[in-house]
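Quick notes on the structure that follows.
Below, chains carry the letters A, B, ... as their sequence lines are ordered, and counting in each starts from 1.
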2 protein chains.
Amino acid sequence: MVELTKRQAIEDVASELFREHGYAGTSIRDIARALSVQGPSLYAHVTSKEDVLWAIVDRAATRFEVAADAAEASADARRPRDPSEALAALVRAHVDVLTSDVDAAGVFVHEWRALDRDHRAQILARRDAYEARFRRRLEDGIAVGVFAMTDSAVATSTLLSAVNGVAGWYDPDGRLPATRIADHLAELSLRMVSNA
Amino acid sequence: MVELTKRQAIEDVASELFREHGYAGTSIRDIARALSVQGPSLYAHVTSKEDVLWAIVDRAATRFEVAADAAEASADARRPRDPSEALAALVRAHVDVLTSDVDAAGVFVHEWRALDRDHRAQILARRDAYEARFRRRLEDGIAVGVFAMTDSAVATSTLLSAVNGVAGWYDPDGRLPATRIADHLAELSLRMVSNA
DNA sequence: TGCGTAGCCTAACGATCGTTAGTTAGGTGG
DNA sequence: CCACCTAACTAACGATCGTTAGGCTACGCA
């Protein structure tokens, strides 16, 4: 076991199981079994099953937000007012986070519905804010003339669906290294919205 | 009740619930309650819960396949050996099927993991064959020089993730009619893979 | 009028769910 | 050596799961 704390080990194995079988399709005892422990033993480290889901989703969301902060800051410093550069940086950052922990990212993308009302509302608001970053860059590009699309809202959703799709097939031991995939997705994303 | 048979009514309401809460997160009694009926009453029309999921997924898969058949035949008849035309037709057909029954399509896209071994293997094989149609058109386009991309496998997966994303936000009563969305997705898809 | 039968009902089965309570074993510091 | 604490354990709770069995009711047709 490479984890520092038992709590972290629980979240890691829960991420894997939640991603494979879904939150509702995974029992506390399933998680415990993967850790060679009896079900009720987990409650020494965890207050509820939903608490585990929330920890995973919250952490993943934060990692996406922090990576996007860094990407935008660096892109704006390197080439100010260049929407292509900014969008490419956002996409690469997103794919980096995604590939660095596919399980947690997959849970973040697909299992937020299972959160309770408050947590779900909270995560939806953050997801909206995150999407708005991408849309803003698209609209900057339209204003400058480097991007063109029929509807920026549809394009934003489609772009994020495209990049999130990586969580569905990325394999850490696969043919393509993560950086190559990030570059590729940035290329596809840019072409998708670029003017002519 | 607009459905012809009770069985169809069950599948319709099950599609909605499976899409919203997932297969594992939906009980037989949940489905029955939505039909104002007691849980066990459903077993007069259904042999198991998995049987309902399989009916929904199988039917959705068939609708995608049939629509793709028609789209490719018509595109090849109208403009033979035009990969752009063929790809656009495939994308439009896909989005048409998706928007004509978002619930069933959403279940097909996300809940196939919950199928039992045989059904899951069956659906994965058909999904691979379906994806291969898109990839073939991409590679045709590369050969002719109208398309260009680093990796056709990655581009195919990304393209299908992008169009499947529509299932996540499409609203029949929303701002955009389905045909407009299909056109838009075709536009974005074509630009994503087109050569310069 | 009588008979099938279609479609629902209630009762109940064993299994499993998330979770609580109380207990035990093993290691650490005085 | 003993007190303590950590982290696991077993037992059990009420609820709910998918599913089976058997009965009641209302309608179609002779």
Is B:S27 close enough to D:dT16 that one of its side-chain N or O atoms is under 4.0 Å from OP1 or OP2 there?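 So the side-chain polar atoms of B:S27 never come under 4.0 Å of the phosphate oxygens OP1 or OP2 of D:dT16.
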
Euclidean distance, atom [atom1] of residue [X] to atom [atom2] of [N] [Å, nearest integer]:
X      : N      : atom1 : atom2 : value
A:D116 : C:dG18 : CG    : P     : 15 Å
A:I28  : C:dC17 : CD1   : P     : 10 Å
A:Y23  : C:dC17 : OH    : C1'   : 11 Å
B:R33  : D:dC17 : CZ    : C1'   : 13 Å
A:L42  : D:dT6  : CG    : C1'   : 16 Å
A:Y43  : D:dT10 : OH    : P     : 17 Å
B:W54  : D:dG18 : CH2   : C1'   : 21 Å
A:R29  : D:dA12 : CZ    : P     : 14 Å

Heavy atoms only, 4.0 Å cut-off, all strands: where does B:T47 land among base, sugar-phosphate and nothing?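 Since no nucleic acid heavy atom lies under 4.0 Å of B:T47, the category is nothing.
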
Scan A:F18, A:W112, A:F108 and name whichever one has a ring-ring contact (aromatic ring centres under 6.0 Å, His included) with A:Y23.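 Output: one option passes, namely A:F18.
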
We want to know whether B:Q122 and B:D118 form a side-chain donor-acceptor pair, criterion being a heavy-atom distance below 3.5 angstrom.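 On atom types as modelled, these side chains do not qualify, holding no pair under 3.5 Å.
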
Would you mind checking if [Y] and [X] are paired as a salt bridge, meaning a charged N to carboxylate O distance below 4.0 Å?
X      : Y      : answer
A:D151 : B:R175 : yes
A:D30  : A:R33  : yes
A:R133 : A:D69  : yes
B:D101 : B:R19  : no

Pairwise N/O distances under 3.5 Å, protein to nucleotides 3-8 of chain C:
{"residue": "C:dC8", "atom": "OP1", "partner": "B:K6", "partner atom": "NZ", "Å": "3.4"}
{"residue": "C:dC8", "atom": "OP2", "partner": "B:H45", "partner atom": "NE2", "Å": "3.3"}

Residue closer to the 5' end of DNA chain C, A:P40 versus B:P40 (nearest nucleotide):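 Mapping each residue to its closest nucleotide by heavy atoms, the 5'-most match is B:P40.
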
Give a yes or no on this: more than 12 heavy atoms of other residues, nucleotides or ligands lie within 6.0 Å of atom CD of B:E50.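 Result for CD/B:E50: enclosed.
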
